Amino acid sequence: MSEALAQGPITGPRDETLRPPASVVTERRVVRWLLIAVALTFLGLFLVLPLLTVFAQALAKGWGAYFAAFAEPDAQAAIRLTLIVAAIAVPFNLVFGVAASWAIAKFEFRGKNLLVTLIDLPFSVSPVVSGLIYVLVFGSRGLFGPFLVEHDIQIIFAVPGIVLATIFVTFPFVARQLIPLMQEQGTAEEEAALTLGASGWHAFRTVTLPNIRWGLLYSVLLCNARAMGEFGAVSVVSGHIRGLTNTLPLHVEILYNEYNFVAAFAVASLLAGLALVTLAVKSVLEWRYADDIAAGARRH
Amino acid sequence: MFDGQPIKLGAAPHRRAALLGLAMAACLVSAGSARAQTEILNVSYDPTRELYREINAAFSEEWKAKTGETVTVRASHGGSGAQARTVIDGIPADVVTLGIPSDIDAIARLSKKIPADWRTKLPNEGLPYTSTVVFLVRKGNPKGVKDWDDLAKPDVKVITPNPKTSAGGRWNFLAAWGYAYEKDGRDKEKANAFVGSLYKNVPVLDTGARGSTVTFAQRGLGDVLPTWENEAFLVLEEFGKDKFDIVVPPTSIYAEPPVALVDANVDKRGTRKQAEAYLQFLYSDKAQAIFAKHHYRPIKREAAKPEDLAQLPEIKLFKIEDLQGSWDDIQKANFDNGGLFDQLSRAGR
């Protein structure tokens, strides 16, 4: 990957521009190499090294200790909960994201700008606040508190609260990705389909959806990574009950605070592995379907 | 919402989305209420993780032998004040085992889930064990810390948790105050000033005792960690005796980490019988021995192993109530908004 980064800017201009004076070339090359070196050193120090440390610490006492960390019932409960939360939050945001971006890109209606701004809200709000708003709304002294207590419904400090907080923080991922893409594609193809007698649903399924599928996959991937990795908002609504309301990131913190460093980093390596897989798939998608993912390159 | 659109597409996707949403809502509710076996939840403070793991297993075993019923005791740990907050906000705790009486008072006052006279419901004012504050220093004690005085010296960095959120942080604060008060002829102003100069030496305030321990032991910040006696011993066991020393000050505070039943929750969950038995179990010989093993001070010393008791040093302990009055007054004067801690923070920075 570093090779691709290094080659791009250097070979690029040579293909299409006239050769500039020699002195300028050397100087620019030096500057370029310097910049690349700075960027790579920075990445190495702040991203690759910590990532390697995670795996090194996880394996500090060998593979036996590494796998023992996952045999713990609490660790398995945390993995299960994280998967459940992602399995609810991601499809929810997928449906919402597609619906919202479809409405925004293909229709004109009053309040559209407000909707776009609201979709962005979770990005600009601190995760702690995202968690606290649910405590204020669903906590026993909150807005719906008396009602929930009366009907014996537990929202916060239970799975529903964790799901809600996760949905909130991952809200914008799908919509943010699809809105520019759909706007770029315009409504011409759908109009053609409708003119030819397709029903609305049929047009959506056979025209709109195929056009956005790679962008959709890309955004779902990012949404999932965040859903599984969210710490702040989930920490506020979790209650930290072992084996019940701890997700993977919370479990990592607990293990770390119990001086169980090998287990903490073993579980962390799981999250790091998820990040690497996400990154790999994301790179492949970007490389293979760049035009279908981002707006800007007109199709056909 | 969709007025004035250029083309009209069918409403089917919206209906589908709504259906999916409903299905998910159903999932949410069922996930929240499903409860397979008898579980009780103990919401506790930060450093008791290792202790209650052993206590909970011992209780489950004893309850199974006695009644044949399988009870799982779940645990949640965090800064004592923060934990009290989650109980107030509705975590379904059956029992609370917190670090300081004022946190249980706060639950009683703000949520009414615990009766105001909770201290009368269990033996020894709801204290199955007590503890105190000692100092953890780096090996060889390079700064020569011996007593509370040394913590206020200008070249000493002190690591202690935030007294707003942590019970351990409050005991440290009150211990320093009580020490200065007793030493300087019971002069409140002088005691306040001493605590102020001590907190000028604190570079970082974590939210819980365990956070401070990790800051001191793992991240290597600070010269001295005034902390729960049990926490100091645990660090020696976890990190090795060659890295740290425990310094026992001549006087320290009689720390009271109380336990209580969360009446409103056990009645709603139908777990009163198990939760009450769990609290009674804390006073049993078996549990008392476990407390001593984890370096807490059991109230029944005869139940503990002599070698565990021998580890607990003789310290002259003072009770903060004797110096400052009721827990309501202590909490208000020192830690509520505008209290002594706030005044000192404002003056110090």
Side-chain angles (χ1 to χ4, degrees), chain A residues 84 88 91-92 95-96 98-99 102-103 106-111 115 135-136 138-142 145 148-149 152-161 163-164 167 187 190-191 194 199-205 208 236-246 254 256-261, chain B residues 1-18 20-21 24-25 27-29 31-34 39 41 43 46 49-50 53 72 74-78 83 85-93 110-111 113 208 210-211 213-214 217-218 234-235 237-239 264 268-269:
Chain A
I84 290 173
I88 300 174
F92 190 89
V95 171
F96 167 80
V98 172
W102 199 53
K106 312 275 179 183
F107 301 98
E108 289 303 324
F109 54 90
R110 215 177 301 162
L115 184 59
V135 175
L136 289 178
F138 298 114
S140 38
R141 280 157 54 85
L148 294 172
V149 169
D152 206 11
I153 302 172
Q154 189 78 31
I155 301 267
I156 54 165
F157 310 125
V159 179
V163 172
L164 282 175
I167 287 177
T187 54
E190 280 88 352
E191 279 168 18
L194 291 176
S199 72
W201 172 236
H202 195 225
F204 173 78
R205 216 163 34 102
T208 314
V236 176
V237 296
S238 144
H240 307 278
I241 309 170
R242 277 113 203 283
L244 219 56
T245 64
N246 278 321
I254 284 181
Y256 185 79
N257 278 346
E258 286 173 6
Y259 312 118
N260 200 343
F261 301 120
Chain B
M1 193 174 169
F2 295 100
D3 54 322
Q5 64 269 55
I7 49 168
K8 197 164 184 75
L9 301 180
H14 306 288
R15 212 181 303 141
R16 189 162 216 227
L20 255 166
M24 268 155 208
C27 283
L28 296 186
V29 173
S33 55
E39 279 183 7
L41 173 60
V43 170
D46 221 11
R49 303 152 187 260
E50 295 77 11
R53 188 170 303 143
T72 312
R74 299 270 181 201
S76 165
H77 298 273
Q83 293 291 81
R85 185 75 240 177
T86 64
V87 176
I88 293 164
D89 283 332
I91 199 170
L110 293 171
S111 75
K113 287 176 184 168
R210 186 53 63 85
T213 313
V214 171
Q218 177 77 0
L234 187 74
V235 171
E237 282 158 23
E238 290 290 336
F239 289 87
K268 178 174 280 173
R269 288 156 53 91

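Computation of the quantities below employed the complete heavy-atom set of this structure, encompassing side-chain atoms and omitting hydrogens, waters and symmetry-equivalent molecules. Because the structure is a prediction, the values reported are computed rather than measured. Order of the sequence lines fixes the chain letters, A, B, ..., with proteins taken first and strands second; residue numbering starts at 1 for each chain.
Heavy atoms of A:Ile254 lying under 4.5 Å from chain B belong to its backbone as well as its side chain. Contact of A:Val98 with chain B is not made at all, since no heavy-atom distance falls under 4.5 Å. With a threshold of 4.5 angstrom between heavy atoms, A:Phe261 approaches chain B through side-chain atoms but not through N, CA, C or O. Of the atoms belonging to B:Ile88, heavy atoms from both backbone and side chain fall under 4.5 Å from chain A. In this structure, chain A has a heavy atom under 4.5 Å from the side chain of B:Val235, while its backbone stays farther away.
Listed for the A:Arg242 side chain is no donor-acceptor partner under 3.5 Å among the backbone atoms of B:Arg74. Proximity of a side-chain donor or acceptor of B:Ser76 to a complementary backbone N or O of A:Gly239 within less than 3.5 Å is detected.
When each of B:Glu237, B:Gln218, B:Arg49, B:Arg210 is paired with A:Tyr259, the side-chain contact (heavy atoms from CB on, under 4.5 Å) condition holds for B:Arg210 and for no other.
Note on B:Leu110, B:Thr72, B:Thr213: by heavy-atom pairs under 4.5 Å with chain A, the leading option is B:Leu110.
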Inset, instruction - Mind running side chain to side chain contact (heavy atoms under 4.5 Å, CB included) on A:Thr245 and B:Ile91 for me, showing each step along the way? - result: CA-CA 11 Å; A:Thr245 64; B:Ile91 199 170; over 6 Å; no
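Considering every non-hydrogen atom in both B:Lys113 and A:Ser140, the closest pair reads NZ-OG, 3.3 Å. In this structure, A:Val135 and B:Asp89 approach most closely via the heavy-atom pair CG1-OD2, 3.3 Å. For the pair A:Gln154 and B:Pro92, the tightest heavy-atom approach, listed with the atom from each and the gap, is NE2-CD, 3.6 Å.
Side-chain atoms of A:Asn257 and B:His77, non-hydrogen and from C-beta on, never get closer than 4.5 Å to each other.
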